[in-house]
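Worksheet: one structure, shown below.
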Amino acid sequence: MSRPVFRFAPSPNGRLHLGHALSALVNFERARASGGRFLLRFEDIDTERCRPEYEAAIREDLAWLGIAFEEPVRRQSEHFDAYLAALADLDARGLLVRSFATRREIASAAAAATAEGAAWPLDPDGVPLFPGDAALLTRDEIDRRAAAGEPAATRLAMETAIEAGGVPLTWTETGEGPGGHTGTVTARPEAFGDVVLARKETPTSYHLSVVVDDALQRVTHVVRGADLFAATAVHRLLQALLGLPEPVYHHHRLVLGPDGRKLAKSNRDTSLADLRAGGATPSDIRRLVGLPA
Ligand code: GLU
């Protein structure tokens with residue numbers, strides 16, 4: 001039987017914080033306990049914000065925590081062709097829509113509707129759902145942007161995609177999830193509407209590249225924070241559409257800051273580098289994230 005494959009997949013756009021430490025440690029320990037492999041993947045599709053010095057810093061932080069990973073490390077920015085091939089496959093089956101509306105245009109239409117007392121649905125991350133370009137822009141404006149060759153975002157035509165993906169879609173969850181879900185979870189990708197699969201400035205998106213890479217790297221166990229629990233529904237749909245294998249998912253609790261909010265990379269006082277500079281040891285980090293020493 002082949003060995004389980006785990007991965008830790010940070011974006012090298014800042015220093016790792018305590019939340020990343022928990023994710024990396026849980027991943028690494030589950031891999032070791034199951035005799036599995038452990039991979040590091042740099043999710044650097046946002047080439048503006050991701051930097052080589054952050055990659056070096058991530059390697060340094062992981063080494064300090066005693067976490068060893070296989071080489072070479074996959075860097076998503078080197079594989080745009082793989083994501084484009086997946087997009088072309090979906091496109092050929094009529095599962096994509098192109099959209100000129102910007103995130104700002106969607107947000108301001110949602111804000112205007114809400115101000116008038118109308119409800120505007122939000123996705124599980126709190127982002128206003130995309131209602132289709134026709135609901136946001138006039139026909140003339142859509143034609144003008146098309147004629148001017150303005151860049152468009154590529155979105156999954158969710159309703160059509162769900163029909164094509166087959167129902168019911170589920171996943172196996174071994175973690176906690178926000179509602180304490182463990183076992184078989186029903187995927188509800190419709191909650192995300194027509195999700196973006198490629199941006200105007202980036203030829204892919206988090207959802208598309210994570211699914212393509214987990215399959216290409218033969219990842220069997222996805223261990224990550226509970227903030228990505230809902231997004232797993234989109235990942236399962238894409239896997240079904242692209243004929244990719246289904247990993248087991250384990251969403252772990254998040255490390256919250258003193259304000260009760262999720263940690264951010266901009267929050268310097270919880271960065272591993274700063275804690276280390278202040279004299280913290282790897283065992284201190286384990287204690288801070290609630291793992292046994
Ligand atoms: N790159 C994502 C992040 O840093 C994690 C993706 C995943 O584990 O699926 O939040």
Side-chain angles (χ1 to χ4, degrees), residues 4-28 30-31 36-51 54-55 57-59 61-62 67 69 73-79 83 124-125 127 171-178 185 187 189 192 195-197 199 202 204-239 244-256 261-267 270-272 289:
V5 181
F6 291 73
R7 90 304 192 269
F8 173 55
S11 288
N13 58 8
R15 301 299 309 239
L16 295 188
H17 55 55
L18 286 172
H20 296 109
L22 176 64
S23 212
L25 286 165
V26 173
N27 251 303
F28 182 61
R30 292 181 84 87
R37 297 169 54 204
F38 179 68
L39 312 178
L40 169 66
R41 180 168 77 221
F42 288 129
E43 302 216 322
D44 62 343
I45 57 173
D46 181 348
T47 51
E48 293 271 300
R49 291 174 60 224
C50 293
R51 310 246 179 82
Y54 290 131
E55 290 188 10
I58 289 170
R59 286 172 173 275
D61 288 340
L62 293 179
I67 294 178
F69 46 86
V73 169
R74 186 175 173 95
R75 193 180 278 126
Q76 290 189 322
S77 61
E78 293 170 355
H79 299 281
Y83 316 131
D125 298 329
V127 177
W171 78 84
T172 303
E173 174 70 44
T174 60
E176 298 144 57
V185 180
F192 284 87
V195 275
V196 173
L197 293 189
R199 297 199 176 282
T202 311
T204 183
S205 66
Y206 160 64
H207 296 305
L208 183 66
S209 40
V210 82
V211 155
V212 168
D213 279 358
D214 283 340
L216 284 174
Q217 297 190 286
R218 301 181 194 288
V219 169
T220 57
H221 292 72
V222 172
V223 176
R224 59 187 180 193
D227 51 340
L228 291 169
F229 181 87
T232 308
V234 176
H235 302 172
R236 287 290 302 118
L237 176 58
L238 290 172
Q239 286 157 356
L244 305 176
E246 174 189 351
V248 170
Y249 287 88
H250 183 96
H251 293 93
H252 58 72
R253 66 188 160 76
L254 298 177
V255 180
L256 303 178
R261 293 169 60 132
K262 185 177 128 178
L263 300 180
K265 285 200 176 106
S266 51
N267 199 342
T270 54
S271 92
L272 300 182
V289 300

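All ligand and atom numbering here is 1-based and tracks the order in the structure. Small disclaimer: the values here were computed from a predicted structure and weren't measured.
The side-chain heavy atoms of Leu216 and Arg74, taken from C-beta on, include a pair separated by under 4.5 Å.
Distances below 4.0 Å separate heavy atoms of Glu43 from the following atoms of ligand 1: 1 (N), 2 (C), 5 (C), 6 (C). When each atom of ligand 1 is checked for a heavy atom of Arg7 under 4.0 Å away, the hits are 7 (C), 8 (O), 9 (O). Counting the atoms of ligand 1 from 1 in the order shown, those under 4.0 Å from a heavy atom of Tyr206 are 6 (C), 7 (C), 9 (O). Ligand-side atoms of ligand 1 in range of Ser11: 1 (N), 4 (O), range being under 4.0 angstrom from any heavy atom. Heavy-atom contacts of Val210 reach the following atoms of ligand 1: 9 (O) (cutoff under 4.0 Å).
When atom types are taken as modelled, the side chain of Asp61 and the backbone of Leu272 share no donor-acceptor pair closer than 3.5 angstrom. Panel note: side chain His20, backbone His17; a donor-acceptor pair is recorded below 3.5 Å. Side chain of Thr220 to backbone of Val5: a donor-acceptor contact under 3.5 angstrom is found. Asn13 contributes no side-chain N or O that, together with a main-chain N or O of Arg49, makes up a donor-acceptor pair within less than 3.5 Å.
When the salt bridge (Lys or Arg N to Asp or Glu O under 4.0 Å) test is applied to Glu78, the partners found at least two apart in sequence or on another chain are Arg75.
Residue contacts with ligand 1, taken as heavy atom pairs separated by less than 4.0 Å, do not involve Phe8 at all.
For atom 10 (O) of ligand 1, the closest non-hydrogen atom on the protein side is Leu228 CD1, 4.3 Å. Looking at atom 5 (C) of ligand 1, its nearest protein heavy atom turns out to be Ala9 O, 3.4 Å.
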